[in-house]
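A quick write-up on the structure given underneath.
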Amino acid sequence: MGKTKVVIVGASHGGHQSILELLSRYGDRVDITLFEAGDYVSFMSCGMELYLEDQVTDVNDVRNFRPEDFPQPNVSIKNNHVVKAINSDVKTVTVTSTSDGKTEDYPYDKLILSSGVTPHSLPVPGTDLENVYLMRGYDWATKIKAKLEDPDVKHIAVVGAGYIGIEAAEAARKAGKEVTILDVIDRPLGTYLDSELTDIIEAHLKEKGVKVITNAQIVEFSGNGAVKAIKTSTEEIKTDLVIQAAGVTANTEWLKGTVDLDGRGWIKTNEYLQTNIPDVYAVGDATLAYSIPARRKIPIALATVARREARYVVKHLFEKTPEKPFGGVVGSSALSVFDYHFATSGLNSFTAKRADVLVRSSFYQDTLRPKYVPEENGNPEVSIQLFYDPFTHLILGGAILSTYDVTAQGNVIALAIENHLTLENLAEADFFFQPGFDRQWSLLNLAAQNALGEEPFVE
Ligand code: FAD
């Protein structure tokens with residue numbers, strides 16, 4: 001019997017994980033062809049801030065894989081190849097090479113779409129001016145880096161105070177620039193964290209010299225040739241460079257009329273991550289992810305999600321109806337904002353409301369270690385937020401923040417959510433105690449006890 005031809009679209013997290021799983025599960029029984037539209041194979045945008053801050057060996061190391069990492073004769077990585085169409089009746093894809101302009105059809109038995117997203121510009125005049133940038137992928141990373149190193153660039157304005165915008169602002173500030181970050185909503189990181197935590201972060205950003213403008217209605221980027229200012233409905237901010245990190249569009253235009261998309265262009269998949277076309281699957285940012293705490297599909301654009309989905313798809317590639325649907329994801333992430341580190345998992349007030357899930361939240365602050373350890377000896381404050389079902393007490397989300405690196409505790413919250421634990425479970429979970437690290441009760445125990453209205457633990 002011939003080999004199964006598997007075609008993958010997109011050389012990022014989803015595409016990379018698909019190759020790894022295919023090789024490990026099916027070895028040389030599959031023939032793998034991966035098409036990547038770009039020239040550079042698999043830049044890891046997650047590592048972009050580290051690159052911008054000179055913390056990596058080399059920009060060319062900030063990637064998921066190099067084509068030469070897969071020397072197997074049954075793997076072919078084709079960069080500069082844009083997949084233009086799926087011809088489902090004959091099971092081929094039409095692909096154009098951007099190097100020589102040639103268009104060819106390639107057959108597939110199984111097709112995995114991991115075409116991701118592209119950041120988009122604001123719908124305002126002036127986005128075509130010079131020095132108005134976006135932030136994703138190798139090309140933008142190297143262009144931003146050059147500007148950070150350019151002494152003529154004194155002011156940088158970042159549009160969008162989500163994760164990516166915050167990373168841009170911090171890297172720019174550390175490079176010695178005057179930095180302004182703007183967001184249309186009322187606080188930075190407002191879609192990731194509730195205000196108890198964003199208040200701490202916003203104050204810290206200001207302390208570090210970042211100007212934070214919230215509720216910003218941007219009306220124009222202005223300049224003569226190159227951008228010189230951002231105009232909002234109330235003010236004008238002088239700038240030499242704009243980095244836009246304010247939203248993405250799914251790379252699915254080419255699928256219209258073939259693969260079912262939702263109103264915003266996300267690829268529709270069923271519970272087995274299959275599209276409407278037989279033998280065509282979709283993973284990663286171009287799709288909505290099944291959220292365990294929301295119990296529905298919501299946008300969760302994370303590398304972790306793309307990889308888990310690719311693993312599931314490949315594992316069940318040869319089952320018409322897999323035994324089990326994809327189990328879903330919690331959606332966990334972590335970030336440093338100058339001296340603070342936080343991790344967040346599952347839902348928060350914003351995402352719960354958007355997903356129409358009723359949550360109650362609780363907020364707990366305490367010292368990391370027993371009170372007899374002075375703050376200057378490594379006993380900073382830790383803030384914890386928990387989100388839970390008000391009736392069943394099921395934990396649906398949580399976040400933890402401190403100047404000490406407590407981010408690993410975010411994974412404990414993730415596990416609690418994934419395994420449907422309640423506040424009562426977390427209040428009593430048996431975690432270690434050692435005063436070099438924590439309290440007689442772990443802070444997560446205490447946060448859950450606090451959410452249950454128990455008397456505070458007094459040493
Ligand atoms: P993408 O990464 O979007 O890649 C899609 C690929 O498909 C692209 O290379 C594109 O060129 C190619 N493509 C598209 N259309 C075609 C076509 N028609 N033909 C051929 N090729 C095509 N996530 C985390 O979990 N942790 C982090 O710390 C983190 N940090 C981030 C920092 C930044 C600055 C950014 C931008 C993102 C970050 N993310 C992080 C998110 C993470 O990068 C994405 O969730 C992940 O890359 C999604 O992978 P994907 O495979 O779905 O698609």
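Every heavy atom of this structure was used, including side-chain atoms; hydrogens, water molecules and symmetry mates were not. Worth saying up front: this structure is predicted, and the values here are computed from it rather than measured. Indexing begins at 1, ligand by ligand and atom by atom, following the structure's order.
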Which of the atoms in ligand 1, numbered in the order shown and given with their element, are less than 4.0 Å from a heavy-atom of [X]?
X	value
T304	25 (O)
R136	1 (P), 2 (O), 3 (O), 36 (C), 44 (C), 47 (O)
A301	41 (C), 45 (O)
F35	20 (C), 21 (N)
G284	52 (O)
N251	14 (C), 15 (N)

Quiz item: Hey, what's the ring geometry for Y40 with Y138, parallel, tilted or perpendicular (30° and 60° as the breaks)?
Solution: parallel
Quiz item: Under 30°, 30 to 60°, or over 60°: which ring-plane class applies to W140 and Y133, parallel, tilted or perpendicular?
Solution: tilted
Looking only at protein heavy atoms, which one is nearest to [atom], and how far off is it?
atom	value
atom 53 (O) of ligand 1	G116 CA, 3.4 Å
atom 52 (O) of ligand 1	D285 N, 2.9 Å
atom 11 (O) of ligand 1	E36 OE2, 2.6 Å
atom 7 (O) of ligand 1	G10 CA, 3.2 Å
atom 43 (O) of ligand 1	C46 SG, 3.8 Å
atom 13 (N) of ligand 1	S115 O, 3.9 Å
atom 2 (O) of ligand 1	S12 OG, 2.6 Å

Exercise. Report the C-alpha separation of Y290 and F326 in whole Å, then their side-chain angles, then the decisive distance to 0.1 Å, and conclude whether the ring pair (Phe, Tyr, Trp, His ring centres under 6.0 Å) test is met.
Key: CA-CA 8 Å; Y290 184 79; F326 176 59; 8.0 Å; no
Polar contact flag for [X] and ligand 1 (N/O pairs, less than 3.5 Å):
X	result
S45	no
A37	yes
G14	yes
A303	yes
V83	yes
E167	no
M135	no
V9	no

Self-check item: Derivation of the side chain to side chain donor-acceptor pair (under 3.5 Å) call for T96 and T103
Solution: CA-CA 4 Å; T96 300; T103 295; 2.8 Å; yes
Practice problem: Sort and list the pairs that fulfil salt bridge (Lys or Arg N to Asp or Glu O under 4.0 Å) and have at least one residue in residues 142-168, not counting sequence neighbours. | Solution: D54-K145, K145-E149
Quiz item: Between atom CD1 of I218 and atom CD of Q244, what is the distance when rounded to the nearest 0.5 Å?
Solution: 8.0 Å
Exercise. Determine whether any heavy atom of H81 lies closer than 4.0 Å to an atom of ligand 1.
Key: yes
Practice problem: Decide whether the shortest distance between a heavy atom of S114 and an atom of ligand 1 is less than 4.0 Å. | Solution: yes
Self-check item: Ring center gap for Y106 and F35 short of 6.0 angstrom
Solution: yes
Self-check item: Within the 6.0 Å centroid threshold, strictly below: Y26 and F318
Solution: yes
Self-check item: Residue list, side-chain contact (heavy atoms from CB on, under 4.5 Å) with P278, at least two apart or on another chain
Solution: none
Quiz item: If we ignore angles and hydrogens, is there a donor and acceptor under 3.5 Å between the side chains of N87 and T94?
Solution: yes
Quiz item: Just checking, is any N or O donor in the side chain of T269 or T275 under 3.5 Å from an acceptor N or O on the other one?
Solution: no
Quiz prompt | Criterion side chain to side chain donor-acceptor pair (under 3.5 Å) against K91, the qualifying member of D109, D279, D105 | solution = D279
Quiz prompt | N-O pairing of D58 and R63 below 4.0 Å | solution = no
